[in-house]
Amino acid sequence: MDVKQMSERLARDPKISDYDVWRALKSLDNALYEINHRQRPIPIDLVFARAILRRAQEARQHL
């Protein structure tokens, strides 16, 4: 499954609130900040997770 499909599925899931998506994105951004601050390599799965959450958040605004 690709980023677009995963984000669309997440955006349409009625069990997940807008707050849940926002909180997950905020937590992920904080984790990425810490990794970057410590000058560690950023895992690619975190980059994909952020892309999925951002797309889902945008899609929820247009539902």
Side-chain angles (χ1 to χ4, degrees):
M1 194 175 299
D2 69 355
V3 170
K4 184 178 179 185
Q5 289 175 325
M6 291 178 81
S7 61
E8 287 175 2
R9 180 179 282 172
L10 181 64
R12 293 183 185 346
D13 190 336
K15 295 176 281 184
I16 299 171
S17 70
D18 291 344
Y19 177 78
D20 293 332
V21 174
W22 176 83
R23 187 71 239 160
L25 187 55
K26 182 72 172 163
S27 295
L28 186 56
D29 283 341
N30 288 341
L32 288 168
Y33 172 81
E34 283 296 319
I35 291 169
N36 187 47
H37 180 71
R38 294 183 176 161
Q39 299 180 343
R40 307 297 304 165
I42 296 174
I44 194 71
D45 59 332
L46 293 183
V47 174
F48 282 116
R50 184 169 58 178
I52 291 165
L53 288 169
R54 281 194 175 160
R55 281 179 167 240
Q57 189 177 46
E58 289 173 8
R60 283 176 162 270
Q61 293 174 355
H62 300 294
L63 290 179

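Residue numbers count from 1 along this sequence.
Taking D18 as the reference, R60 meet the side chain to side chain donor-acceptor pair (under 3.5 Å) condition, with sequence neighbours excluded. Not counting sequence neighbours, D13 has no partner by the side chain to side chain donor-acceptor pair (under 3.5 Å) test. In terms of the side chain to side chain contact (heavy atoms under 4.5 Å, CB included) criterion, residue partners of R12 (sequence neighbours excluded) are, by chain and number, L63.
Closest of all the heavy-atom pairs between L10 and I16 is CD1-CD1, 3.2 Å. Shown here for I35 and P41, the closest heavy-atom pair between the two residues is CG2-O, 3.5 Å. When all heavy atoms of H62 and E58 are compared, the closest pair comes out as CD2-O, 3.0 Å. Residues A11 and A59 share a closest heavy-atom pair of CB-CB, 3.6 Å.
Atom CD of residue Q57 and atom CG of residue D20 lie 12.0 Å apart, to the nearest 0.5 angstrom.
W22 belongs to a hydrophobic cluster with Y19, counting contacts under 4.5 Å between side-chain heavy atoms of Ile, Leu, Val, Met, Phe, Trp and Tyr, direct or through other members.
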N/O donor to acceptor pairs below 3.5 angstrom from side-chain atoms of residues 23-33, sequence neighbours left out:
unit_1 : atom_1 : unit_2 : atom_2 : d
S27    : OG     : R23    : O      : 3.1
N30    : ND2    : K26    : O      : 3.4

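The salt bridge (Lys or Arg N to Asp or Glu O under 4.0 Å) analysis of residues 36-46, with sequence neighbours excluded, yields the pairs E34-R38.
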